[in-house]
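Lettering of chains follows the sequences in order, A, B, ..., and the numbering in each one begins at 1. What's counted below: heavy atoms across the whole structure, side chains too, no hydrogens, waters or symmetry copies.
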Protein chains: 2
Amino acid sequence: MTKSKTSCLAFSHHDHKRCQNKLLSAARDLCESRNLRLTERRKQVLQILLQSHQPIGAYDILAQLNQGQARIAPPIVYRALEFLLEEGLAHRIECKNAFIGCVHPGHQGATQFLICKDCDKVAELENPVSALQEDARNVGFVIDHSVVELTGTCADCQQNVG
Amino acid sequence: MTKSKTSCLAFSHHDHKRCQNKLLSAARDLCESRNLRLTERRKQVLQILLQSHQPIGAYDILAQLNQGQARIAPPIVYRALEFLLEEGLAHRIECKNAFIGCVHPGHQGATQFLICKDCDKVAELENPVSALQEDARNVGFVIDHSVVELTGTCADCQQNVG
DNA sequence: AAAAGTTACGTTATAATATAACACTATGAC
DNA sequence: GTCATAGTGTTATATTATAACGTAACTTTT
Ligand SMILES: [Zn+2]
Ligand SMILES: [Zn+2]
Ligand SMILES: [Zn+2]
Ligand SMILES: [Zn+2]
């Protein structure tokens with residue numbers, strides 16, 4: 001019960017400013033502990049990802065970075081994203097070609113996403129996909145990476161419409 | 001056991017020519033029963049998708065269609081794909097931006113894919129993602145569409161390497 | 001069968017997403 | 001300081017996808 005709530009951060013009302021700060025600081029700690037550099041660029045991109053629990057496209061990130069007089073190019077964004085994805089500080093939402101900040105940085109194992117098609121918020125779960133894993137094992141398939149993206153309507157949005 | 005084997009067509013040695021013919025003919029039946037037109041174009045694209053159990057990109061499909069003197073353009077392919085996806089005769093593999101023929105046309109419900117990163121073959125399963133569905137229900141999320149793509153190494157490819 | 005309505009196809013142009021290749025700069029190790 | 005490496009910046013281009021508009025083909029109605 002408590003677990004579910006925690007996992008579904010995106011769909012529960014919370015102090016998001018605190019949420020952002022906590023995640024940013026967790027990212028700093030994680031990088032320090034792994035002897036990696038959370039450079040200014042990487043931090044900028046992570047902060048943009050953490051602005052909301054909605055995924056954002058690489059070119060939208062780029063646009064935000066270029067809001068001032070800066071004129072940087074796509075590779076800069078993609079490289080920062082590459083770093084964040086590798087370290088598990090962000091995730092790629094395949095069905096949207098977009099990216100989102102990880103809400104439990106440092107976690108091990110696979111992640112699943114609940115994507116609301118109405119408010120566009122994305123919640124991150126951490127269940128084992130047990131039945132599938134068993135099926136895979138039965139046919140001798142060794143899972144390396146999983147993409148589990150469930151699109152639908154979150155509780156809030158159901159109320160607002162129906 | 002038998003179920004698993006059937007589901008994992010892509011990873012089991014089989015008479016693929018027969019497999020193709022069966023699936024094409026199933027597609028014809030399905031369209032007829034739904035009063036839909038499996039036009040020449042749509043059939044062409046489906047046949048290309050059914051050439052193998054590996055996903056293929058829209059532009060590769062286009063290239064095949066343009067092998068003769070034909071010079072058709074992307075929208076034609078995307079429209080045929082749209083039709084096939086809507087009718088469940090093909091699937092989109094999100095993590096590859098590619099498409100694959102459905103191996104059990106007419107099936108109801110969600111599908112999961114096992115994607116071998118070595119031979120690139122894709123098997124289609126039909127399990128309910130029960131644990132996840134329960135989690136979703138617990139937070140009041142109503143699932144509409146699911147993307148489940150497990151990338152790894154198939155049994156054959158494990159032998160060939162390790 | 002002509003007219004009208006609808007679905008599918010074709011073409012052009014362009015949008016949106018992503019990467020290759022190469023040069024420059026900062027950082028850490030010695 | 002020199003060197004090696006990792007990170008950034010820039011240009012150009014590849015890859016994937018769709019908007020917009022016109023034509024052709026099938027269906028339904030009359
Ligand atoms: Zn938050
Ligand atoms: Zn919602
Ligand atoms: Zn086959
Ligand atoms: Zn394989």
Checklist outcome for this item: In numerical order, the residues of residues 87-98 of chain B whose heavy atoms come under 4.0 Å of DNA chain D are B:R92, B:N97
Item to check | side chain to side chain contact (heavy atoms under 4.5 Å, CB included) evaluation trace for A:L81 with A:L49 | outcome: CA-CA 10 Å; A:L81 286 171; A:L49 290 174; 4.0 Å; yes
Which whole-number value in Å describes the distance from [X] [atom1] to [N] [atom2]?
X     : N      : atom1 : atom2 : answer
A:L84 : D:dT8  : CG    : P     : 10 Å
B:I76 : D:dA19 : CD1   : P     : 16 Å
B:L81 : D:dT16 : CG    : P     : 13 Å

Give a yes or no on whether [X] and [Y] share a hydrophobic cluster (residues Ile, Leu, Val, Met, Phe, Trp, Tyr; joining criterion: side-chain heavy atoms under 4.5 Å apart).
X     : Y     : value
B:L65 : B:L50 : yes
A:L84 : A:Y78 : yes
A:F99 : A:L38 : yes
A:V45 : A:I72 : yes

Next on the checklist: Does A:R71 have more than 12 heavy atoms from other residues, nucleotides or ligands lying within 6.0 Å of its CZ?
Outcome noted: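 Count over threshold, so yes.
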Checklist entry - Does B:E32 CD have over 12 foreign heavy atoms under 6.0 Å away? => result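 Check fails, neighbour count at 12 or below.
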All N/O pairs under 3.5 Å across the protein-nucleotides 20-29 of chain D interface:
residue: D:dA20; atom: N6; partner: B:R79; partner atom: NH2; Å: 3.3

Next on the checklist: With the threshold set at under 4.0 Å for non-hydrogen atoms, list the residues of residues 45-69 of chain A touching DNA chain C in residue-number order.
Outcome noted: A:Y59
Checklist entry - So B:T153 and A:D144, side chain to side chain contact (heavy atoms under 4.5 Å, CB included) or not? Walk me through it. => result CA-CA 8 Å; B:T153 315; A:D144 186 65; 5.8 Å; no
Checklist entry - If an axis is fit to five pairs at each end of the helix from C:dA1-D:dT30 to C:dC30-D:dG1, what is the angle between the two, to the nearest 10°? => result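 Rounded value for the end-axis angle: 30°.
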Next on the checklist: Keeping A:R41 on the side-chain end and A:R79 on the backbone end, is there a donor-acceptor pair under 3.5 Å?
Outcome noted: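 Pair absent, no side-chain N/O of A:R41 close to backbone of A:R79.
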Item to check | Donor-acceptor under 3.5 Å (A:R42 side chain, A:R37 main chain) | outcome: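 Flag set: sc A:R42 to bb A:R37 pair under 3.5 Å.
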Checklist outcome for this item: Contacts of B:H145 meeting ring pair (Phe, Tyr, Trp, His ring centres under 6.0 Å) (sequence neighbours excluded), chain-then-number -> none
Checklist entry - Which nucleotide span of DNA chain C, 5' end to 3' end, has atoms closer than 4.0 Å to non-hydrogen atoms of chain B? => result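 From 5' to 3', the first and last contacting nucleotides are C:dA8 to C:dT12.
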Next on the checklist: Quick check: on DNA chain C, is the nucleotide nearest B:P74 upstream (toward 5') of the one nearest B:L36, or the reverse? Name the residue that is more 5'.
Outcome noted: B:L36
Item to check | 5'-most by nearest nucleotide on DNA chain C - A:F99 or B:F83 | outcome: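 First, find each residue's nearest nucleotide; the 5'-ward one identifies B:F83.
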Item to check | Closest approach of A:F141 to B:C154 (non-hydrogen atoms, all atoms of both residues) | outcome: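 A:F141 and B:C154 have their closest heavy atoms at CD1-CA, 3.7 Å.
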Item to check | Heavy-atom side-chain contact between B:Q112 and A:D135 under 4.5 Å | outcome: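 Not touching, per the 4.5 Å side-chain cut-off.
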Checklist entry - Between A:L150 and B:Q133, is any pair of side-chain heavy atoms under 4.5 Å apart? => result no
Next on the checklist: Run the side chain to side chain contact (heavy atoms under 4.5 Å, CB included) test on A:I100 and A:E124 for me, step by step, so that the C-alpha distance in whole Å, both residues' side-chain angles and the decisive distance to 0.1 Å come before the verdict.
Outcome noted: CA-CA 10 Å; A:I100 194 161; A:E124 190 180 338; 5.8 Å; no
